[in-house]
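All heavy atoms count here, side chains included; hydrogens, waters and symmetry mates do not. Order of the sequence lines fixes the chain letters, A, B, ..., with proteins taken first and strands second; residue numbering starts at 1 for each chain.
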Protein chains: 2
Amino acid sequence: MFEATKVGRKVTKEDYKAEEPDLRTELLRVQREIRKTNTSVVIIVAGVEGAGKGGVVNRLNEWLDPRNVQTFAFWDQTDEEQARPRYWRFWRTLAPKGDISILFGGWYLAPIEHRFRDRCDDAQLDAELNRIADFERMLTEDGTLILKFWFHLPETVQKQRLKSLSRDDKSRWKMLPKKARFSQQYRHFEKVAERVIRHTDTGATPWYMIEATDKRYRDLTVGRTLLEAMKSRLETPQPLCIPATSHAPTLPNQASAQITLLDQVDLSKTKKRDLYKSELKKLQAEANELTWKAYQKKRSCVLVFEGVDAGGKGGAIRRLTSAVDARLYRTIPIAAPTDEEKAHHYLWRFWRHLPRAGRMTIFDRSWYGRVLVERVEGFASDPEWQRAYSEINQFEQQMSENGIIVMKFWLHISADEQLARFEARKATPYKQHKITDEDWRNREKWEEYKLAVNEMVIRTSTEFAPWHLIPGNDKKYARVTVLRTIVERLRAELKSDDKASGYIPCGPLKV
Amino acid sequence: MFEATKVGRKVTKEDYKAEEPDLRTELLRVQREIRKTNTSVVIIVAGVEGAGKGGVVNRLNEWLDPRNVQTFAFWDQTDEEQARPRYWRFWRTLAPKGDISILFGGWYLAPIEHRFRDRCDDAQLDAELNRIADFERMLTEDGTLILKFWFHLPETVQKQRLKSLSRDDKSRWKMLPKKARFSQQYRHFEKVAERVIRHTDTGATPWYMIEATDKRYRDLTVGRTLLEAMKSRLETPQPLCIPATSHAPTLPNQASAQITLLDQVDLSKTKKRDLYKSELKKLQAEANELTWKAYQKKRSCVLVFEGVDAGGKGGAIRRLTSAVDARLYRTIPIAAPTDEEKAHHYLWRFWRHLPRAGRMTIFDRSWYGRVLVERVEGFASDPEWQRAYSEINQFEQQMSENGIIVMKFWLHISADEQLARFEARKATPYKQHKITDEDWRNREKWEEYKLAVNEMVIRTSTEFAPWHLIPGNDKKYARVTVLRTIVERLRAELKSDDKASGYIPCGPLKV
């Protein structure tokens, strides 16, 4: 695979001087054009030691308008990063639309390092690479242009270069942040790298293999490649919205057979007032204790509340939060996204709110808006909401692997009950703000929402992040049931002594 | 001072039940009104151990709409917080306009703890309290409503309560995060607290002393106080914009005497091409080395570039960044604020970009926009930009105290040179985007800008964050001069072995 990077390609000083000014002008022009689009550009710079990755990045910063370029290295994880799912640190670095982010190593660094050091086997590496492929596809489908450069050197050249680097006092710092001595086992490293590249070299996000022996050749090739990729993106500005084959067609929408999971929710369930009071009190005390225990054990908790308008989400959340120490939870109400949020993938705004280890985050509405309101109202295109199911499952799987306890509640009421509650809100002065024209409009689409919910539950109720459909016609019953479900799950999860579940290939390496 | 909190005020169960529903309804209503205003509410909850601060906060979360309330505790600092100026963690928690943030202890916790443990003396404590007063005034003037509650108990009541807490298994966790045993030296703690309260009890941000022995009295009093404060804010929605007496009047604006600092900038300075090339190369090599050294020593660097349009900011920045490893710096171009930024104090958007220890952040335009374009164009009111000088000085002082090296450059050119550059930009295809109608409009206000710059330099060129006025008519001269200034400052700063400068009263306590 690396043969083509060892053929001795060179660019003479004269040729470089002749080509560089035009390339630069063009890069600046195209970068400006990109700014006007919905495209964000992610450049991953990887390769063998001594290949001059830093040099390439400096060159790019020199050629491009640096005001819209951000560069990120992934040295040690900060503790804020360690306390969250591993990809959190990458989500933080994703450029908003129109901008360019350059990532040293990106999400490839840790898997390569782990495999190189035999911290994982090939199968585990492949599993991680599949995840990377999914992640990159998700970004690409959202309009991100990903360029992955691999810089390679023949072993002899590398040896010479590292030697001269370490001899040269002025450059000794270059060796500083590197703790893994990949170069000492050139062939072993090459083998791992090849596996990684092979598994993640896709049509939409190919690897560009660059011969790094000659600096002028290396830089010009990167510049040209970047230019061509941005230009071709400008010519076909829309991201490819072809749903992957794994997306099954939507469930048949026959009027005669619209029995959904929601029809099986037993809305006749009630809870007597006395029983409610005593159960609530007991459950709240236990919730309080368990959340402190979770804090001690550094197990985070993410709760999602969705439901029919006026279904009682707020009331259920309040019964929980009034029991939990305010220092331990955060409620995130999901309304219209801010402009910073709009400039990123739709999951970005949820990633940024993920709790640190031991805390609880309560989402009052959530990422499921993508497959509910955005689907029904047509705010998301068909391919967009169709691929959201697997994006969401992967998101929640990552949380779960990090030890986060994920629970999702759908608060359901009947259409009649909703009408009664709407009318009651209209009549109560301090509740009038809770009822808007939009609520009435949503109500007209009751059946469409039912189908969307049905499909959502089928596709996203997983072992690690199950949906709980809560009968909500009786508020007392709903509140107690939500609270009991949370308490039981927390109790079960906190019984075991294990913090995280299984192998984490991208965890920080203590070298 | 605490006498009034020990008189035994009580509210009976019946009175509580009679008052609570109305209070709650009113709180919700007023909270909704606040959301429509520019006011953000900050509630600080402090007091003696065992007074039930957690209980109060839970009650507030129950009474208010929790979707617009965020609660923050300041337990251990994360390493991302430790690596930045101390107030960074508070800036992170400030609620956007319309929202409420509840802070446990807030910025008072550390000073109290440090003085209690004799880590600082009274004079040092007072210095810190003055800073707090400045900080709170700054927020208040920006429209933030700050409520500070101090919960107090007689010594005997506190003793009983802590004893029963520690006996009760279920509640033992409440004792967990507290490492300082203030209660063991009740009188000593009271003395420190009194000094803190006395020094920070101002008309705009008074302390509310609450007797916490009876929970019902405690909670109702907090609820009523909050309600009244929010109501009175709604009645006088505009923040008080009276410039503090420390704001001197603007310098006289006599047409006959408009000689400013800028007129003394020697624009005839030039640098010959050969000399430029060799000096640039040498300085860039040294800049590279020094930035790595700064990284190792964890000394951050904040560079501010301001200047006349077409003054050569971009070119100067580029000569620096092309020399520095891209992993070590970040360029922040300041354009229109995002809506999240608009919802906060104008300094918030700059605080959020402060570098972690050892990194360099380059601001291409900066917080000085407040006293330049916002002043000249009238985007900021007179009191707003007039008080900005001291706000900015305090901001930069905090960076400096944290060990950040702050440097500010004004790139100056003559009006004729600007005209020539504008014309050249118009004529060069790939530079046309750099020239807009706004640039031409700004040019008409040349004299006004000159006066604004003059005052800015006079008021904000400090020992720790000096302004450098750079003659820019000759680009080569300007670039070399900027780079040399940076290199010399870095070299001088990095020679000494001290990381931070002097006493840091709010640093983390290792208990």
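Taking the side chain as every heavy atom from C-beta outward, A:R327 and B:F74 never approach each other to under 4.5 Å. Using a 4.5 Å cut-off on side-chain heavy atoms (C-beta onward), A:R318 and B:W63 make no contact.
To the nearest 0.5 Å, atoms CG (A:D339) and CG (B:D339) are separated by 3.5 Å. Taking NZ from A:K313 and CZ from B:R67, the interatomic distance works out to 8.0 Å, rounded to the nearest 0.5 Å. To the nearest 0.5 Å, atoms CG (B:N58) and OH (A:Y329) are separated by 6.0 Å. We find the OG1-NZ distance between B:T338 and A:K342 to be 11.5 Å, quoted to the nearest 0.5 Å. Atoms OG1 and CD, on B:T321 and A:E62 in that order, are 8.0 Å from each other to the nearest 0.5 Å.
Proximity to chain B (any heavy atom under 4.5 Å) is restricted, for A:R24, to the side chain, taken from C-beta onward. For chain B, the nearby part of A:L64 is the backbone; its heavy atoms alone come within less than 4.5 Å. Only the side chain of B:L328 comes within contact range of chain A, with heavy atoms under 4.5 Å apart. For B:D79, the parts lying under 4.5 angstrom from a heavy atom of chain A are both the backbone and the side chain. For A:R32, the part sitting under 4.5 Å from any heavy atom of chain B is the side chain, from C-beta outward, and nothing else. Interface residue B:R359: only side-chain heavy atoms are found under 4.5 Å from chain A. No part of A:A83 comes within reach of chain B, as not one of its non-hydrogen atoms sits under 4.5 angstrom from that chain.
Ranked by heavy-atom pairs shorter than 4.5 Å toward chain B, the options A:V324, A:N68, A:I102, A:I317 are led by A:V324. The candidate from B:I362, B:D364, B:T71 with the greatest count of non-hydrogen atom pairs under 4.5 Å with chain A is B:T71. Interface summary for chain B: among A:T331, A:T78, A:V57, A:T25, the most heavy-atom pairs under 4.5 angstrom belong to A:T78. Most heavy-atom pairs under 4.5 Å with chain A, from the set B:S322, B:A326, B:A73: that is B:A326.
Salt bridge annotation for B:E81-A:R356: absent, with no cationic side-chain nitrogen under 4.0 angstrom from a carboxylate oxygen. Ionic pairing of B:E80 and A:R92 is present here: one or more N-O contacts between side-chain nitrogen and carboxylate oxygen are shorter than 4.0 angstrom.
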